J.: 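Below is one structure. I have some questions about it.
Numbering of residues begins at 1 and proceeds along the displayed sequence. Since this is a predicted model, take the numbers as computed values, not measurements.
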Amino acid sequence: MKNNILDYKLEELQDWMKTNKEPAFRGKQVIGWLYKGIDSFDDMKNIPKALTEKLKDKFSLSLPKIVKVYESKIDNTKKLLLALEDGNLIESVLMKYKHGNSICVSTQVGCRMGCKFCASTVDGMKRNLTAGEIISQILVGEKILNERISNVVLMGSGEPFDNYDNVNKFIDLVTADYGLNIGQRHITISTCGIVPKIYEFADKNTQVTLAISLHAFSDEKRKQIMPIANKYSIKEILDACNYYIEKTKRRVTFEYSLVKDVNDSKEDSKSLAKLLKGMLCHVNLIPVNEIKENSFRKSSDKTIEDFKEILKSYGIEVTVRREMGSDINAACGQLRRSYLNSQQNQ
(Lines give C-alpha, C1' and ligand atoms only; values in the text may rest on other atoms or scores of the structure.)
Protein backbone atom coordinates (compact mmCIF):
# COMPACT_ATOMS: atom_id res chain seq x y z
CA MET A 1 0.00 0.00 0.00
CA LYS A 2 1.30 3.47 -0.88
CA ASN A 3 2.01 6.08 1.77
CA ASN A 4 -0.95 8.32 2.60
CA ILE A 5 0.13 11.84 1.63
CA LEU A 6 -2.10 13.26 4.39
CA ASP A 7 0.33 11.74 6.91
CA TYR A 8 3.04 14.18 5.83
CA LYS A 9 3.94 17.46 7.48
CA LEU A 10 4.98 20.38 5.29
CA GLU A 11 8.68 19.95 6.05
CA GLU A 12 8.45 16.23 5.23
CA LEU A 13 6.86 17.00 1.85
CA GLN A 14 9.46 19.67 1.17
CA ASP A 15 12.23 17.16 1.90
CA TRP A 16 10.58 14.69 -0.45
CA MET A 17 10.46 17.35 -3.17
CA LYS A 18 14.18 18.05 -2.79
CA THR A 19 15.03 14.34 -2.84
CA ASN A 20 13.00 13.98 -6.04
CA LYS A 21 14.63 17.00 -7.71
CA GLU A 22 11.60 19.26 -7.37
CA PRO A 23 11.63 22.79 -5.91
CA ALA A 24 10.79 22.84 -2.19
CA PHE A 25 8.02 25.42 -2.69
CA ARG A 26 5.98 22.72 -4.46
CA GLY A 27 5.52 21.11 -1.05
CA LYS A 28 3.55 24.12 0.20
CA GLN A 29 1.47 24.20 -2.99
CA VAL A 30 0.61 20.51 -2.70
CA ILE A 31 -0.26 20.63 0.99
CA GLY A 32 -2.47 23.68 0.37
CA TRP A 33 -4.53 21.60 -2.06
CA LEU A 34 -4.75 18.66 0.35
CA TYR A 35 -6.45 20.76 3.01
CA LYS A 36 -9.02 21.95 0.52
CA GLY A 37 -10.31 18.35 0.62
CA ILE A 38 -9.50 17.41 -2.98
CA ASP A 39 -10.24 13.84 -4.08
CA SER A 40 -7.48 13.41 -6.67
CA PHE A 41 -3.98 14.64 -7.44
CA ASP A 42 -5.37 15.75 -10.81
CA ASP A 43 -7.37 18.43 -8.96
CA MET A 44 -4.14 20.32 -8.15
CA LYS A 45 -4.42 23.00 -10.83
CA ASN A 46 -1.03 24.70 -10.48
CA ILE A 47 1.10 21.53 -10.18
CA PRO A 48 3.02 20.39 -13.28
CA LYS A 49 1.79 17.17 -14.88
CA ALA A 50 5.18 15.47 -14.39
CA LEU A 51 5.07 16.13 -10.62
CA THR A 52 1.45 15.01 -10.45
CA GLU A 53 2.50 11.66 -11.95
CA LYS A 54 5.35 11.34 -9.44
CA LEU A 55 2.92 11.97 -6.59
CA LYS A 56 0.48 9.37 -7.93
CA ASP A 57 3.29 6.85 -8.15
CA LYS A 58 4.53 7.44 -4.59
CA PHE A 59 1.44 8.39 -2.57
CA SER A 60 -2.21 7.58 -2.07
CA LEU A 61 -4.74 10.36 -1.63
CA SER A 62 -7.68 8.53 -0.22
CA LEU A 63 -10.30 10.28 1.87
CA PRO A 64 -12.59 7.84 3.68
CA LYS A 65 -15.60 6.76 1.65
CA ILE A 66 -18.95 7.74 3.14
CA VAL A 67 -20.89 4.54 3.81
CA LYS A 68 -23.82 6.22 5.53
CA VAL A 69 -24.77 9.58 7.00
CA TYR A 70 -27.37 9.53 9.74
CA GLU A 71 -28.93 12.90 10.56
CA SER A 72 -30.72 13.53 13.84
CA LYS A 73 -34.24 14.90 13.59
CA ILE A 74 -33.73 16.38 17.06
CA ASP A 75 -30.66 18.61 16.72
CA ASN A 76 -29.10 18.20 13.22
CA THR A 77 -26.24 16.10 14.59
CA LYS A 78 -24.79 13.98 11.80
CA LYS A 79 -23.23 10.57 12.43
CA LEU A 80 -20.85 9.44 9.71
CA LEU A 81 -19.98 5.82 9.01
CA LEU A 82 -16.77 5.91 6.99
CA ALA A 83 -14.79 3.21 5.17
CA LEU A 84 -11.00 3.48 5.14
CA GLU A 85 -8.81 2.43 2.24
CA ASP A 86 -8.38 -1.07 3.71
CA GLY A 87 -12.13 -1.50 4.22
CA ASN A 88 -12.16 -0.95 7.98
CA LEU A 89 -15.05 1.14 9.28
CA ILE A 90 -14.84 4.12 11.62
CA GLU A 91 -17.30 6.71 12.91
CA SER A 92 -17.27 10.47 13.28
CA VAL A 93 -19.93 12.79 14.65
CA LEU A 94 -20.66 16.32 13.40
CA MET A 95 -22.30 18.66 15.90
CA LYS A 96 -23.56 22.20 15.42
CA TYR A 97 -23.26 24.67 18.27
CA LYS A 98 -23.70 28.43 18.50
CA HIS A 99 -19.92 28.77 18.80
CA GLY A 100 -19.27 26.79 15.59
CA ASN A 101 -19.09 23.32 14.14
CA SER A 102 -17.51 20.51 16.15
CA ILE A 103 -16.42 17.04 15.14
CA CYS A 104 -15.81 14.01 17.30
CA VAL A 105 -13.18 11.83 15.59
CA SER A 106 -12.02 8.26 16.04
CA THR A 107 -8.36 7.45 16.69
CA GLN A 108 -8.49 3.65 16.35
CA VAL A 109 -10.59 1.03 14.59
CA GLY A 110 -12.29 -0.39 17.68
CA CYS A 111 -10.70 -0.14 21.12
CA ARG A 112 -8.99 -2.50 23.55
CA MET A 113 -9.70 -0.62 26.78
CA GLY A 114 -12.84 -2.67 27.53
CA CYS A 115 -14.95 0.03 29.25
CA LYS A 116 -18.26 -1.68 29.93
CA PHE A 117 -20.53 1.17 28.84
CA CYS A 118 -18.90 1.59 25.42
CA ALA A 119 -19.81 -0.26 22.20
CA SER A 120 -16.40 0.50 20.64
CA THR A 121 -14.67 -2.09 22.80
CA VAL A 122 -17.00 -5.04 22.18
CA ASP A 123 -14.92 -6.55 19.35
CA GLY A 124 -11.56 -5.26 20.56
CA MET A 125 -9.10 -3.08 18.68
CA LYS A 126 -8.33 -3.81 15.00
CA ARG A 127 -5.62 -1.19 14.41
CA ASN A 128 -4.45 2.36 15.03
CA LEU A 129 -5.38 5.18 12.69
CA THR A 130 -2.58 7.23 11.15
CA ALA A 131 -2.43 10.99 11.65
CA GLY A 132 -3.69 11.43 8.08
CA GLU A 133 -6.64 9.11 8.66
CA ILE A 134 -7.65 11.11 11.73
CA ILE A 135 -7.39 14.44 9.91
CA SER A 136 -9.24 13.06 6.88
CA GLN A 137 -12.36 12.71 9.03
CA ILE A 138 -12.36 16.50 9.42
CA LEU A 139 -11.88 17.01 5.68
CA VAL A 140 -14.85 14.75 4.93
CA GLY A 141 -16.91 16.52 7.60
CA GLU A 142 -16.20 19.94 6.10
CA LYS A 143 -17.22 18.70 2.64
CA ILE A 144 -20.51 17.40 4.03
CA LEU A 145 -21.25 20.63 5.91
CA ASN A 146 -19.73 22.90 3.28
CA GLU A 147 -18.58 24.90 6.30
CA ARG A 148 -15.46 25.17 8.44
CA ILE A 149 -15.06 22.91 11.47
CA SER A 150 -13.53 24.87 14.34
CA ASN A 151 -13.57 22.41 17.27
CA VAL A 152 -12.21 18.86 17.43
CA VAL A 153 -12.80 16.25 20.10
CA LEU A 154 -10.77 13.04 20.12
CA MET A 155 -13.49 11.10 21.85
CA GLY A 156 -14.73 8.70 19.18
CA SER A 157 -13.75 5.05 18.88
CA GLY A 158 -10.36 4.25 20.36
CA GLU A 159 -8.12 5.43 23.19
CA PRO A 160 -6.03 8.38 21.91
CA PHE A 161 -3.11 7.74 24.27
CA ASP A 162 -2.99 4.11 23.10
CA ASN A 163 -2.15 5.63 19.69
CA TYR A 164 0.09 8.31 21.15
CA ASP A 165 2.55 9.06 18.34
CA ASN A 166 -0.07 9.29 15.58
CA VAL A 167 -2.33 11.45 17.75
CA ASN A 168 0.52 13.86 18.49
CA LYS A 169 1.35 14.11 14.79
CA PHE A 170 -2.34 14.75 14.09
CA ILE A 171 -2.29 17.66 16.58
CA ASP A 172 0.76 19.11 14.83
CA LEU A 173 -0.98 18.82 11.44
CA VAL A 174 -4.41 20.11 12.44
CA THR A 175 -3.00 23.17 14.22
CA ALA A 176 -0.46 24.07 11.53
CA ASP A 177 -1.07 27.37 9.75
CA TYR A 178 -0.59 25.65 6.38
CA GLY A 179 -3.30 23.13 7.27
CA LEU A 180 -6.66 23.51 8.96
CA ASN A 181 -5.20 26.01 11.45
CA ILE A 182 -7.44 24.95 14.34
CA GLY A 183 -6.19 26.41 17.63
CA GLN A 184 -4.96 24.07 20.36
CA ARG A 185 -7.57 25.41 22.78
CA HIS A 186 -10.24 24.14 20.38
CA ILE A 187 -9.01 20.55 20.67
CA THR A 188 -9.94 18.11 23.43
CA ILE A 189 -8.30 14.73 24.02
CA SER A 190 -10.22 12.20 26.08
CA THR A 191 -8.33 9.38 27.80
CA CYS A 192 -9.41 6.66 30.20
CA GLY A 193 -6.25 7.39 32.17
CA ILE A 194 -3.00 5.97 30.74
CA VAL A 195 -0.88 7.65 33.38
CA PRO A 196 2.61 7.65 31.74
CA LYS A 197 1.18 9.25 28.60
CA ILE A 198 -0.55 11.99 30.63
CA TYR A 199 2.85 12.98 32.02
CA GLU A 200 4.45 12.75 28.57
CA PHE A 201 1.71 14.87 27.05
CA ALA A 202 1.97 17.42 29.87
CA ASP A 203 5.66 17.85 29.06
CA LYS A 204 4.72 18.94 25.53
CA ASN A 205 3.13 21.95 27.26
CA THR A 206 0.30 22.33 24.76
CA GLN A 207 -2.95 24.24 25.27
CA VAL A 208 -5.04 21.20 24.34
CA THR A 209 -7.84 20.39 26.80
CA LEU A 210 -7.30 17.11 28.65
CA ALA A 211 -10.44 15.13 29.51
CA ILE A 212 -10.29 12.11 31.80
CA SER A 213 -12.92 9.37 31.70
CA LEU A 214 -13.29 8.92 35.45
CA HIS A 215 -16.81 7.56 36.04
CA ALA A 216 -16.26 6.64 39.71
CA PHE A 217 -14.79 8.11 42.91
CA SER A 218 -13.13 4.89 44.17
CA ASP A 219 -10.83 2.30 42.63
CA GLU A 220 -13.15 -0.52 43.67
CA LYS A 221 -16.14 1.00 41.89
CA ARG A 222 -14.07 2.07 38.88
CA LYS A 223 -12.78 -1.49 38.40
CA GLN A 224 -16.37 -2.64 37.91
CA ILE A 225 -16.73 -0.29 34.94
CA MET A 226 -13.24 0.19 33.48
CA PRO A 227 -10.50 -2.48 33.25
CA ILE A 228 -7.81 0.24 33.09
CA ALA A 229 -8.52 0.83 36.80
CA ASN A 230 -6.72 -2.45 37.52
CA LYS A 231 -3.51 -0.88 36.21
CA TYR A 232 -3.68 2.74 37.34
CA SER A 233 -5.29 3.97 40.55
CA ILE A 234 -7.39 7.12 40.80
CA LYS A 235 -4.64 8.65 42.96
CA GLU A 236 -2.08 8.01 40.21
CA ILE A 237 -4.41 9.58 37.63
CA LEU A 238 -5.09 12.66 39.79
CA ASP A 239 -1.37 13.10 40.47
CA ALA A 240 -0.77 13.03 36.69
CA CYS A 241 -3.60 15.51 36.16
CA ASN A 242 -2.18 17.89 38.74
CA TYR A 243 1.15 17.70 36.91
CA TYR A 244 -0.67 18.54 33.66
CA ILE A 245 -2.38 21.52 35.34
CA GLU A 246 0.93 22.74 36.78
CA LYS A 247 2.66 22.48 33.38
CA THR A 248 -0.06 23.96 31.17
CA LYS A 249 -2.09 26.13 33.58
CA ARG A 250 -5.15 24.52 31.94
CA ARG A 251 -8.03 22.99 33.85
CA VAL A 252 -8.77 19.30 33.38
CA THR A 253 -12.22 17.96 32.53
CA PHE A 254 -13.44 14.84 34.29
CA GLU A 255 -16.06 12.89 32.38
CA TYR A 256 -18.52 11.01 34.53
CA SER A 257 -21.07 8.74 32.86
CA LEU A 258 -24.05 8.35 35.16
CA VAL A 259 -25.30 4.75 35.30
CA LYS A 260 -28.53 3.97 37.13
CA ASP A 261 -27.91 2.28 40.50
CA VAL A 262 -24.18 1.92 39.79
CA ASN A 263 -22.51 5.31 40.33
CA ASP A 264 -25.32 7.87 40.53
CA SER A 265 -26.26 8.04 44.20
CA LYS A 266 -26.05 11.17 46.36
CA GLU A 267 -23.22 9.49 48.27
CA ASP A 268 -21.36 8.98 44.98
CA SER A 269 -21.73 12.67 44.25
CA LYS A 270 -20.52 13.75 47.70
CA SER A 271 -17.52 11.41 47.51
CA LEU A 272 -16.62 12.66 44.03
CA ALA A 273 -16.87 16.27 45.23
CA LYS A 274 -14.55 15.59 48.17
CA LEU A 275 -12.08 13.84 45.82
CA LEU A 276 -11.86 16.78 43.40
CA LYS A 277 -12.35 19.73 45.77
CA GLY A 278 -9.69 22.41 45.32
CA MET A 279 -8.48 21.08 41.97
CA LEU A 280 -8.52 23.21 38.80
CA CYS A 281 -11.10 21.07 37.06
CA HIS A 282 -14.54 20.76 35.59
CA VAL A 283 -16.91 17.78 35.75
CA ASN A 284 -18.91 16.84 32.68
CA LEU A 285 -21.82 14.61 33.65
CA ILE A 286 -22.86 12.27 30.84
CA PRO A 287 -26.20 10.43 30.83
CA VAL A 288 -24.97 6.96 29.82
CA ASN A 289 -25.86 5.74 26.33
CA GLU A 290 -27.70 2.45 26.62
CA ILE A 291 -26.30 -0.34 24.44
CA LYS A 292 -27.69 -3.85 24.06
CA GLU A 293 -24.33 -5.46 24.93
CA ASN A 294 -24.75 -4.58 28.64
CA SER A 295 -27.41 -3.92 31.25
CA PHE A 296 -26.38 -0.34 32.08
CA ARG A 297 -29.31 2.06 32.11
CA LYS A 298 -29.46 5.84 32.13
CA SER A 299 -30.11 7.66 35.39
CA SER A 300 -33.36 9.59 35.75
CA ASP A 301 -33.41 13.32 35.04
CA LYS A 302 -33.99 14.02 38.74
CA THR A 303 -31.04 11.85 39.79
CA ILE A 304 -28.80 13.65 37.30
CA GLU A 305 -29.98 17.06 38.54
CA ASP A 306 -29.46 16.07 42.21
CA PHE A 307 -25.96 14.78 41.41
CA LYS A 308 -25.10 18.06 39.69
CA GLU A 309 -26.42 20.23 42.52
CA ILE A 310 -24.42 18.35 45.15
CA LEU A 311 -21.21 18.87 43.17
CA LYS A 312 -22.02 22.57 42.79
CA SER A 313 -22.60 22.86 46.54
CA TYR A 314 -18.99 21.78 47.06
CA GLY A 315 -17.73 24.43 44.64
CA ILE A 316 -17.10 22.02 41.77
CA GLU A 317 -17.71 23.42 38.27
CA VAL A 318 -20.13 21.02 36.59
CA THR A 319 -22.22 20.71 33.45
CA VAL A 320 -24.49 18.01 32.08
CA ARG A 321 -23.54 17.06 28.55
CA ARG A 322 -26.25 17.85 26.08
CA GLU A 323 -27.42 14.61 24.50
CA MET A 324 -26.60 14.96 20.81
CA GLY A 325 -28.03 12.66 18.18
CA SER A 326 -29.76 10.35 20.62
CA ASP A 327 -32.09 9.15 17.86
CA ILE A 328 -29.24 8.03 15.56
CA ASN A 329 -27.00 5.90 17.80
CA ALA A 330 -24.47 8.73 18.07
CA ALA A 331 -22.50 7.18 20.93
CA CYS A 332 -19.07 5.64 20.35
CA GLY A 333 -19.09 2.47 18.31
CA GLN A 334 -22.85 1.94 18.17
CA LEU A 335 -23.26 2.68 14.49
CA ARG A 336 -20.25 0.68 13.30
CA ARG A 337 -21.27 -2.32 15.34
CA SER A 338 -24.93 -2.29 14.24
CA TYR A 339 -23.85 -1.91 10.60
CA LEU A 340 -21.40 -4.83 10.80
CA ASN A 341 -24.07 -6.98 12.45
CA SER A 342 -26.57 -6.13 9.72
CA GLN A 343 -24.03 -7.11 7.02
CA GLN A 344 -23.35 -10.45 8.72
CA ASN A 345 -27.06 -11.20 8.91
CA GLN A 346 -27.69 -10.62 5.22
J.: If you count the non-hydrogen atoms of other residues, nucleotides and ligands that lie under 6.0 Å from NZ in K312, is the total more than 12?
T.: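 Atom NZ in K312 is not crowded, with 12 or fewer foreign heavy atoms closer than 6.0 Å.
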J.: Side chains of S60 and N4: any donor to acceptor distance under 3.5 Å?
T.: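 Their side chains do not contain a donor-acceptor pair, so the 3.5 Å distance test is not met.
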J.: Check whether the side chains of R185 and T209 place a donor and an acceptor atom closer than 3.5 Å, and report yes or no.
T.: no
J.: Less than 6.0 angstrom from the centroid, inside 45 degrees of the normal: does K79 satisfy that with respect to the ring of Y70?
T.: no
J.: For side chain to side chain contact (heavy atoms under 4.5 Å, CB included), just list the numbers for Y314 and L276, CA-CA rounded to whole Å, side-chain angles, deciding distance to a tenth of an Å, and then say yes or no.
T.: CA-CA 9 Å; Y314 280 80; L276 301 180; over 6 Å; no
J.: Is it true that E85 and K65 make a salt bridge, defined as a side-chain N closer than 4.0 Å to a carboxylate O?
T.: no
J.: Looking only at the side chains, is there a donor atom on one of E255 and S190 sitting less than 3.5 Å from an acceptor on the other?
T.: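 There is such a pair between these side chains.
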J.: Can a salt bridge be assigned to the pair R127 and E133 using a cut-off of 4.0 Å between side-chain N and carboxylate O?
T.: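 Result for this pair is yes, salt bridge flagged.
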J.: Side-chain donor-acceptor pair under 3.5 Å between D203 and Y243, yes or no?
T.: yes
J.: Please determine, by modelled atom types, if E147 and N101 share a side-chain donor-acceptor pair under 3.5 angstrom.
T.: yes
J.: Quick check, are the ring centers of F41 and W33 under 6.0 angstrom apart?
T.: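 No, the ring of F41 stays outside the 6.0 Å limit from the ring of W33, centre to centre.
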J.: Y199 and Y244: aromatic ring centres closer than 6.0 Å?
T.: no
J.: Sort and list the pairs that fulfil side chain to side chain donor-acceptor pair (under 3.5 Å) and have at least one residue in residues 216-230, not counting sequence neighbours.
T.: K221-D268
J.: Answer with yes or no whether the side chains of S40 and D43 bring together a donor and an acceptor at under 3.5 Å.
T.: no
J.: Would you call K302 and D306 a salt bridge, taking side-chain N to carboxylate O under 4.0 Å as the test?
T.: yes
J.: Is it true that D261 and R297 make a salt bridge, defined as a side-chain N closer than 4.0 Å to a carboxylate O?
T.: no
J.: Quiz question: by atom type and distance under 3.5 Å, do the side chains of Q108 and S157 form a donor-acceptor pair?
T.: no
J.: Among D239, I237, L238, which residue satisfies the side-chain contact (heavy atoms from CB on, under 4.5 Å) criterion with K235?
T.: D239
J.: Under the side chain to side chain donor-acceptor pair (under 3.5 Å) rule, collect the residues that match up with S150, sequence neighbours excluded.
T.: none
J.: In sequence, state the C-alpha distance, the side-chain angles, and the governing distance for N151 and Y97, and then conclude on side chain to side chain contact (heavy atoms under 4.5 Å, CB included).
T.: CA-CA 10 Å; N151 296 277; Y97 295 98; over 6 Å; no
J.: How about Y8 and N3: does a side-chain donor come under 3.5 Å of a side-chain acceptor?
T.: yes
J.: Please identify each residue that fulfils side chain to side chain donor-acceptor pair (under 3.5 Å) with K45, with sequence neighbours left out.
T.: none
